[in-house]
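Read through the structure below, which is laid out as structure tokens, and then see the notes.
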Amino acid sequence: MNNRLINWFKFSSPATFYPLAGRLIPYFAALAVVFGAWGLWLGLFVAPTDFQQGEGYRIIFVHVPASWMSMFIYLVMAFWAGLGLAFNTRLSGMMATALAPTGAFFAFLSLWTGALWGKPMWGTWWVWDARLTSELILLFLYIGFIALQSAIDDPRRADKAGAVLALVGVVNVPIIYFSVKWWNTLHQGASVSLTKSPSMAATMLWGMLLLALCFWMYTIAVVLARVRVIMLERERHTEWVRQLLLPRP
């Protein structure tokens with residue numbers, strides 16, 4: 001048991017995690033393509049037309065998984081940032097830094113697809129709805145995290161400052177999730193619930209879940225690729241990076 005734990009802990013070092021990440025990227029990228037193609041096929045061509053919203057509802061197959069990912073990535077980012085703050089581990093800060101741009105992308109995608117859906121359904125691109133506003137704040141938190149880290153030259157100090165911001169911003173995630181229950185909002189309730197049976201056709205649900213898996217696989221592949229670049233940049237003066245970059249005969 002202890003030997004297994006030691007074997008896992010060795011990947012907390014950038015020198016050992018770097019090659020592991022490189023081996024994993026193609027698998028997660030391939031899964032993203034498979035799940036994405038399958039989910040889009042179900043969502044766009046197999047799922048029935050909604051009796052109230054017509055064909056325009058199909059934006060939810062991108063909008064809902066993007067919204068889920070924007071919140072969950074923030075929690076994962078805050079977890080890594082907090083881990084680095086507590087234990088002063090190099091890899092933790094690098095992982096948080098690598099997650100932030102992808103989280104910001106999904107927050108923007110959530111807002112953008114929501115606007116595309118809101119125009120025909122609500123008659124407006126934007127309202128200061130509780131969920132929309134809190135999601136916009138989430139995007140600003142991501143951007144603030146990235147900007148704060150970029151403004152500090154020392155990576156270790158940047159990681160600590162970013163970690164504080166990330167941990168403070170966690171309070172916004174439950175506000176986003178529960179906003180439709182706590183306040184009277186235009187935004188509809190949860191499309192999928194763990195406590196209730198789904199109110200949509202099975203093909204709709206499967207299309208949404210497959211695209212959520214696609215976004216997860218994409219996130220892992222992109223973050224692993226980005227963290228490898230961050231490792232090379234931050235560890236460029238170490239021996240393992242010098243050995244890695246040496247020209248091969």
Side-chain angles (χ1 to χ4, degrees), residues 21 28 32 59 62-86 89-118 125-180 185 187 211-231 233-234:
F28 286 109
I59 197 71
V62 174
H63 173 69
V64 173
S67 302
W68 290 343
M69 291 303 299
S70 68
M71 292 185 285
F72 201 82
I73 289 175
Y74 192 91
L75 293 177
V76 176
M77 182 187 79
F79 167 78
W80 280 111
L83 201 64
L85 190 64
T89 52
R90 292 175 296 165
L91 181 60
S92 300
M94 295 178 192
M95 287 297 296
T97 302
L99 281 159
T102 306
F105 165 73
F106 279 115
F108 174 79
L109 185 61
S110 171
L111 291 166
W112 181 60
T113 53
L116 291 178
W117 178 87
W125 297 101
W126 178 266
V127 291
W128 291 101
D129 177 271
R131 174 159 285 182
L132 273 67
T133 304
S134 52
E135 182 72 16
L136 179 62
I137 292 171
L138 182 66
L139 175 60
F140 289 156
L141 284 168
Y142 277 121
I143 294 173
F145 179 89
I146 296 169
L148 180 60
Q149 286 203 317
S150 300
I152 301 174
D153 294 332
D154 181 15
R156 304 307 290 270
R157 287 179 54 239
D159 287 344
K160 291 179 180 178
V164 173
L165 176 61
L167 292 172
V168 171
V170 166
V171 70
N172 188 54
V173 175
I175 292 175
I176 298 171
Y177 186 79
F178 292 108
S179 57
V180 294
T185 68
H187 199 287
L211 280 168
L213 285 172
C214 164
F215 288 172
W216 253 119
M217 299 301 103
Y218 165 82
T219 297
I220 295 172
V222 169
V223 168
L224 288 177
R226 189 179 294 120
V227 81
R228 277 164 58 90
V229 175
I230 294 171
M231 286 177 186
E233 182 182 355
R234 293 194 182 186

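The figures here come from the full heavy-atom set of this structure, side chains too, leaving out hydrogens, waters and symmetry mates.
In this structure the side chain of L167 reaches within 4.5 angstrom of the side chain of L85, judged on heavy atoms. Annotation: side chain of T113 is not in contact with side chain of W117 (no heavy-atom distance under 4.5 Å). Residues L141 and M77 form no side-chain contact, since every pair of their non-hydrogen atoms from C-beta on lies 4.5 Å or further apart. Side-chain contact check for V222 versus F105: every heavy-atom pair is 4.5 Å or farther apart.
In this structure, the side-chain contact (heavy atoms from CB on, under 4.5 Å) partners of P101, at least two apart in sequence or on a different chain, are I146, R226. Residues that satisfy the ring-ring contact (aromatic ring centres under 6.0 Å, His included) test with F72, not counting sequence neighbours, are W216. In this view, F145 satisfies the ring-ring contact (aromatic ring centres under 6.0 Å, His included) rule with no residue, not counting sequence neighbours.
Closest non-hydrogen pair, I73 versus F106, comes out as CD1-CD1, 3.7 Å. In plain terms, the two heavy atoms of L148 and G162 that are nearest each other are CD2-N, 3.9 Å. Summarising the geometry of A212 relative to M69, their closest heavy-atom pair is O-SD, 4.4 Å, with the distance given to 0.1 Å. Contact detail for L138 and S70: the closest heavy-atom pair is CD2-O, 3.5 Å. In this structure, L165 and G144 approach most closely via the heavy-atom pair CD2-C, 3.6 Å.
Y142 places no side-chain N or O within 3.5 Å of a backbone atom of F108 that could act as its donor or acceptor partner. With hydrogens and angles disregarded, no donor-acceptor distance shorter than 3.5 Å links the side chain of D159 to the backbone of R90. Y74 places no side-chain N or O within donor-acceptor distance of the main-chain N or O of L139, the cut-off being under 3.5 Å.
Distance check: S110 OG to L132 CG gives 8.0 Å after rounding to the nearest 0.5 Å. Put simply, CG on L91 and CZ on R234 are 10.0 Å apart, with the number rounded to the nearest 0.5 Å. The line from NE2 of H63 to CG of L111 is 8.5 Å long, rounded to the nearest 0.5 Å. In this structure, NZ on K160 lies 8.5 Å from CG on D154, to the nearest 0.5 angstrom.
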